**Student:** 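This is the structure I want to talk about, given as structure tokens.
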Amino acid sequence: MDKISKIEELNSLSRRDFFKKTASVSAVAAAAILSPSSLFADDENIVHHTQWGTTLGNELNENPYGLPSKYEHNVVRRTSSLMSSAGDMHAAVSMTPLHELKGIITPNGLHFTRTHNGIAQIDPNKYRLMIHGLVDKPIVLTLEQLKRYPSESRIHFLECPSNGAGEWKGPQFNSLQFLKGMMSASEWTGVRLKTILDELGLKPTAKWMLAEGSDGSEMGRSVPVEKVLDDAMIVWGQNGEALRPEQGYPVRLLLPGWEANLCVKWLKRLEFSDKPWYAKEETSKYTALTASGRAIQHFYALEVNSVITSPCPERPWSDLIGGELVEIEGLAWSGHGTITNVDISLDGGKNWVEAKLKGLVLPKSWTRFSYMHKYVKEPLLLQSRAVDDSKNVQPTVNQEKAVMGVEGVYHRNSICTWEVTLKGEVNNVQVRSI
Amino acid sequence: MFKLDLYKLITTSVALVLSSTLLYGGSDTSTLPGKYISKMGAVDGGVIYPRKNGTYAAYRYNEQSTKGVNFGRIPTANELKAWDVDIMPDGTGLPEGEGSVSDGDELYEKQCASCHGEFGAGGHGYPTLTGGNQEKLPNGVIKTLTNQRIEPGMEAPKRTIGTYWPKATTLIWYIRDAMPYAHPKSLTNNDIYAITAYLLAQDNIVIDGKKMDSEYVLNKEKLMKIKMPNENGFYPNIDGPDGVENVRKFFSDRAKNIGAGTRCMKDCKDLSATGKEPTIMKIDNEITDVVPPYTTVRDLPPEVENKLVSKAEKMYNDACKLCHSSDKMGAPVIGDIEAWNKVTQKGFDKVVHNAIDGVGGMPPKGGFENFTNSEVQMIVEFMIDSSKKKH
């Protein structure tokens, strides 16, 4: 019953009594280091000369644009016909393989992608950006002119507000990639929108900005000017290179922490007005219907969230035999600010211990957390719960459901649960009342 | 409730920094990873990180003045006219033009029905446009939008133009810019009014107190009179001078309005709104329709044939694949041997003729009128070839 305290006791016991209890084991280990073991069969990968050590390697610039090792060919975005209209992959979404990622940056080729009318292929020489409306001086810019503005680089996640939308009524996919893969994170380079607007003279009556894309869907969204002047950027760089076409080449809007849909790709036009627009993607879609029968429109920031990335259904513990000290690792993020704490539960949310944050801890960015766990072969219900500096605490499924209902589609941020079975397999489950 | 000491620490040090001219970074917070000077009260409910003394949260920024950085030029009147064509709820940007419900019916059948279904009623896997029950509760809320599928067998809330869309202007704007899907921006203004009239008529939208019959002609003035059934179905109110402040107020009470957790650490209870204990819900019907299939194996990729894509295949990919890669629209699926056996039984010439002139849900030349007849024949040959038993 009280699994967590038992496990904690085990943990602290093993730490305290490490030398005493493991004395005989460490004697064996010490012996093993000093003289070769006769206990194990020889590993042929060690006795033979490696194939790659006995031949000339490939020419250094064989791939002028480098590629991952061919052995990594399964590290790819995945999609499902359920995430499209009629299986049509022009208005669909592909998911980042979170279970294969390290750190807080997503390689550009693995960035999740949502398109509403296919991936536009824009000729950068013909690209133009227009900024107009309630400004003293409207402008049009070529790409080269835009890139002349002083640049900034910042690390931010982008998340589709439909991330995990299939799971409102219960778990669906037994996979981290499909549970949470509608998000990625990059170092984005561009110009702060305020830097440009300072020169154009934004009129005091300007309260809203329309951001419009130039792809076939002509994606349009209304953004409050306050956000525009705070941390919005027009970006052309993604992890040191040009944006990928899937991410809006050559230019997209970046509203850190806000719905990726608002970060309009293939950006063509910014117009300032005293009124919002009511585009299709802020009325028919991207509005969250609650149990009241009315819907939240203009739902901006992705709320505080977290998920354990190791173990996960794709990276289970079934190879462990028990007794190992393993890392429980995961990602936490919040569009409202910076992650301050992450808690871990091993018993489905009854008891919690604090995990450690590690690496860079940045605003509106992925943050890694870690908890060292002494693995015992027994069933667990693993959860993580993130807290941010705007005092948001990640809700349980019940807590979120009580306010949002189950038909809202967007902005699902409740706590995820991995069931670890006796054999160490990991399954996506939910702890919730029916 | 449970408050972490860290919060106090941050709040006091923020207050300290803000109330004095202390240099940023001089407070305790700089020693804690991820603790940055911030203030609450952003429009989204989050925090704002001030830019001060060259520091912005974890980042250094270039403090030099950017005044006078100035590239690009003022757009010409024609350029503005070409691009400033968005449509607002107050009618700004609505094009001139008109179209009747019956013309819309014809256009819809030709250009939209293959994906959105007869009368906009869906059924092909693409978005359902019309239908749903618009009946309202005493509080003005559309009754079926309160449906919650918490138990199996319950009906989903149906979000269509008639039950969900708050503004009619959105429809004109979206259809003009984004539809038909494979040829966006190909409709004339008259076509757009006609199709919009047709779709609104399917949903019994009233103008001047009257439903639109098949002879009804829609134009800009009449469209402006429309009040959509679910116009009041959204919150917070973003209109008017207080719009942004309403949003800020809404997101400042996130626990009430969007849900929030509590930081309980021991013996935590997690009851539902009705006081029920939680249980463990497992996956019922796992979705395994995943492309490419799941695997984390590190091995050599399967050898891919180094085949050249023929001109026919390329044209097929561009023009026909959209409908012919699944049977959702009733098109014979490429690679489906049986389906294509049935097709070819009609005789090759007949099939090519059907592809050129259209048949059933198959638009003439797949909607690509600039293809020559021999090009279409080439593609049909490719489709038949790709749907034969491999030896």
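In this text the structure is predicted, and so the values were computed from the model without any measurement. Naming: A, B, ... by sequence-line order, numbering from 1 per chain.
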**Student:** Which answer fits A:Val304, side chain, backbone, both or neither, if we ask what part of it has an atom under 4.5 Å from a heavy atom of chain B?
**Tutor:** neither

**Student:** Given the options B:Gly261, B:Pro89, B:Gly140, B:Cys323, which has more heavy-atom pairs under 4.5 Å with chain A than any of the others?
**Tutor:** B:Gly261

**Student:** Is there a side-chain contact between B:Arg159 and A:Glu407 (heavy atoms, below 4.5 Å)?
**Tutor:** yes

**Student:** Among all residues two or more places apart in sequence or in another chain, which pass the ring pair (Phe, Tyr, Trp, His ring centres under 6.0 Å) test with A:His298?
**Tutor:** A:Trp208, A:Tyr300

**Student:** Under a 4.5 Å heavy-atom cut-off, does chain A meet the side chain of B:Arg298, its backbone, both or neither?
**Tutor:** both

**Student:** So which part of B:Ala255 gets closer than 4.5 Å to some heavy atom of chain A, the side chain, the backbone, both or neither?
**Tutor:** backbone

**Student:** Check whether A:Thr417 gets within reach of chain B through its side chain, its backbone, both or neither, counting any heavy atom under 4.5 Å.
**Tutor:** neither

**Student:** Run the ring pair (Phe, Tyr, Trp, His ring centres under 6.0 Å) test against B:Trp83 and tell me which residues pass, sequence neighbours left out.
**Tutor:** none

**Student:** What option among B:Val244, B:Thr92, B:Thr66, B:Asp84 has the most heavy-atom pairs under 4.5 Å with chain A?
**Tutor:** B:Asp84

**Student:** Would you say A:Glu226's side chain and B:Val43's backbone share a donor-acceptor pair under 3.5 angstrom?
**Tutor:** yes

**Student:** Please state whether the side chain, the backbone, both or neither of B:Arg254 comes within less than 4.5 Å of a heavy atom of chain A.
**Tutor:** side chain

**Student:** Side chains of A:Val403 and B:Asn257, heavy atoms from C-beta outward: is any pair under 4.5 Å?
**Tutor:** no

**Student:** May I ask you to name which of B:Pro241, B:Pro127, B:Cys115, B:Gly233 has the most heavy-atom pairs under 4.5 Å with chain A?
**Tutor:** B:Gly233

**Student:** Check whether B:Val69 gets within reach of chain A through its side chain, its backbone, both or neither, counting any heavy atom under 4.5 Å.
**Tutor:** both

**Student:** Step by step, work out the side chain to side chain contact (heavy atoms under 4.5 Å, CB included) result for B:Ile287 and A:Phe178.
**Tutor:** CA-CA 10 Å; B:Ile287 294 172; A:Phe178 279 85; over 6 Å; no

**Student:** Top residue by heavy-atom pair count (under 4.5 Å) with chain A, among B:Gly243, B:Ala273, B:Ala178, B:Ala182?
**Tutor:** B:Ala178

**Student:** Does this structure show an ion pair linking A:Lys275 with B:Asp90, if we count only N-O contacts that are shorter than 4.0 Å?
**Tutor:** yes

**Student:** Measuring heavy-atom distances to chain A, does B:Tyr174 have an atom under 4.5 Å in its side chain, in its backbone, in both, or in neither?
**Tutor:** side chain

**Student:** Would B:Met88 and A:Ser273 count as a side chain to side chain contact (heavy atoms under 4.5 Å, CB included) here? Give the steps.
**Tutor:** CA-CA 10 Å; B:Met88 299 182 94; A:Ser273 169; 3.6 Å; yes

**Student:** Side chain, backbone, both or neither: which part of B:Leu271 has a non-hydrogen atom closer than 4.5 Å to chain A?
**Tutor:** backbone

**Student:** Heavy-atom cut-off 4.5 Å, strictly under: side chain, backbone, both or neither for A:Gln297 against chain B?
**Tutor:** both

**Student:** Quick one: which of B:Val247, B:Ile258, B:Asp44 gives a side chain to side chain contact (heavy atoms under 4.5 Å, CB included) with A:Phe299?
**Tutor:** B:Ile258

**Student:** Answer yes or no: is there an ion pair linking B:Arg263 with A:Glu354, defined by an N-O contact shorter than 4.0 Å?
**Tutor:** yes

**Student:** Identify which part of B:Glu79 has an atom lying under 4.5 Å from any heavy atom of chain A, answering side chain, backbone, both or neither.
**Tutor:** both

**Student:** Determine whether a donor-acceptor pair (N or O, by modelled atom type, separation under 3.5 Å) exists between the side chain of B:Tyr59 and the backbone of A:Ile155.
**Tutor:** yes

**Student:** Given the options B:Ile280, B:Thr169, B:Thr279, which has more heavy-atom pairs under 4.5 Å with chain A than any of the others?
**Tutor:** B:Thr279

**Student:** Are side-chain heavy atoms of A:Lys350 and B:Cys268 found at a separation under 4.5 Å?
**Tutor:** no

**Student:** Give, as side chain, backbone, both or neither, the part of B:Tyr181 having an atom under 4.5 angstrom from any heavy atom of chain A.
**Tutor:** both

**Student:** Heavy-atom cut-off 4.5 Å, strictly under: side chain, backbone, both or neither for B:Lys185 against chain A?
**Tutor:** side chain

**Student:** Is there a donor-acceptor pair closer than 3.5 Å between any side-chain N or O of A:Arg294 and the backbone N or O of B:Asn232?
**Tutor:** yes

**Student:** For chain B, find which of A:Ala402, A:Gly348, A:Ser175, A:Gly220 contributes the most heavy-atom pairs closer than 4.5 angstrom.
**Tutor:** A:Ser175

**Student:** Heavy-atom pairs under 4.5 Å with chain A - which of B:Asn285, B:Leu322, B:Asp270, B:Ile48 has more of them than the others?
**Tutor:** B:Asp270

**Student:** Relative to chain B, which of A:Glu271, A:Lys268, A:His99 shows the most heavy atom pairs under 4.5 Å?
**Tutor:** A:Lys268

**Student:** With a 4.5 angstrom heavy-atom cut-off, is it the side chain or the backbone of B:Asp299 that approaches chain A, or both, or neither?
**Tutor:** both

**Student:** Any side-chain donor-acceptor pair under 3.5 Å between A:Asn74 and B:Tyr294?
**Tutor:** no

**Student:** Chain A heavy atoms under 4.5 Å from B:Pro293: which part of the residue, side chain, backbone, both or neither?
**Tutor:** backbone

**Student:** Please test B:Asp177 against A:Lys280 for salt bridge (Lys or Arg N to Asp or Glu O under 4.0 Å), starting from the C-alpha separation and ending with a verdict.
**Tutor:** CA-CA 11 Å; B:Asp177 284 357; A:Lys280 181 256 210 177; over 6 Å; no

**Student:** Give, as side chain, backbone, both or neither, the part of B:Lys67 having an atom under 4.5 angstrom from any heavy atom of chain A.
**Tutor:** both

**Student:** With only heavy atoms counted, which part of A:Ile434 is less than 4.5 Å from chain B, the side chain, the backbone, both or neither?
**Tutor:** both

**Student:** Given 3.5 Å as the limit, does a donor-acceptor pair link the side chain of A:Ser433 with the main chain of B:Lys276, or not?
**Tutor:** yes

**Student:** Would you say the side-chain atoms of A:Arg385 pair up with the backbone N or O of B:Cys264, donor to acceptor, closer than 3.5 Å?
**Tutor:** yes

**Student:** Under 4.5 Å heavy-atom distance to chain B, tell me which part of A:Glu282 shows up: side chain, backbone, both or neither.
**Tutor:** neither

**Student:** With only heavy atoms counted, which part of A:Arg128 is less than 4.5 Å from chain B, the side chain, the backbone, both or neither?
**Tutor:** both

**Student:** Looking at A:Arg78 and B:Pro292, would you say the former's side chain and the latter's main chain have a donor-acceptor pair under 3.5 Å?
**Tutor:** yes

**Student:** Under the 3.5 angstrom rule, does the side chain of B:Thr170 hit a backbone N or O of A:Tyr278 as a donor-acceptor pair?
**Tutor:** yes

**Student:** With a 4.5 angstrom heavy-atom cut-off, which part of B:Ser325 approaches chain A: side chain, backbone, both or neither?
**Tutor:** neither

**Student:** Can you tell which part of B:Tyr126 gets under 4.5 Å to a heavy atom of chain A, answering side chain, backbone, both or neither?
**Tutor:** both

**Student:** Do B:Trp165 and A:Thr283 have a side chain donor and acceptor closer than 3.5 Å?
**Tutor:** no

**Student:** I need the minimum non-hydrogen distance between B:Pro302 and A:His73, along with the two atoms involved.
**Tutor:** CD-CE1, 4.1 Å

**Student:** Verify salt bridge (Lys or Arg N to Asp or Glu O under 4.0 Å) between A:Glu218 and B:Arg176, making sure each step is shown before the conclusion.
**Tutor:** CA-CA 10 Å; A:Glu218 204 87 3; B:Arg176 186 200 62 197; over 6 Å; no

**Student:** Does either side chain, that of B:Asn70 or that of A:Lys137, offer a donor lying less than 3.5 Å from an acceptor on the other one?
**Tutor:** yes

**Student:** Are side-chain N/O atoms of B:Tyr164 and A:Thr287 paired as donor and acceptor at under 3.5 Å?
**Tutor:** yes

**Student:** Answer yes or no: is there a donor N or O on one side and an acceptor on the other, between the side chain of A:Tyr149 and the main chain of B:Phe71, under 3.5 Å?
**Tutor:** yes

**Student:** Measure A:Trp258 against the heavy atoms of chain B and call it side chain, backbone, both or neither at under 4.5 Å.
**Tutor:** side chain

**Student:** Would you find a donor on one side and an acceptor on the other, under 3.5 Å apart, between the side chain of A:Thr79 and the backbone of B:Val291?
**Tutor:** no

**Student:** With a 3.5 Å distance limit and no angle check, can you tell me whether A:Asn351 reaches the backbone of B:Lys266 through a side-chain donor-acceptor pair?
**Tutor:** no

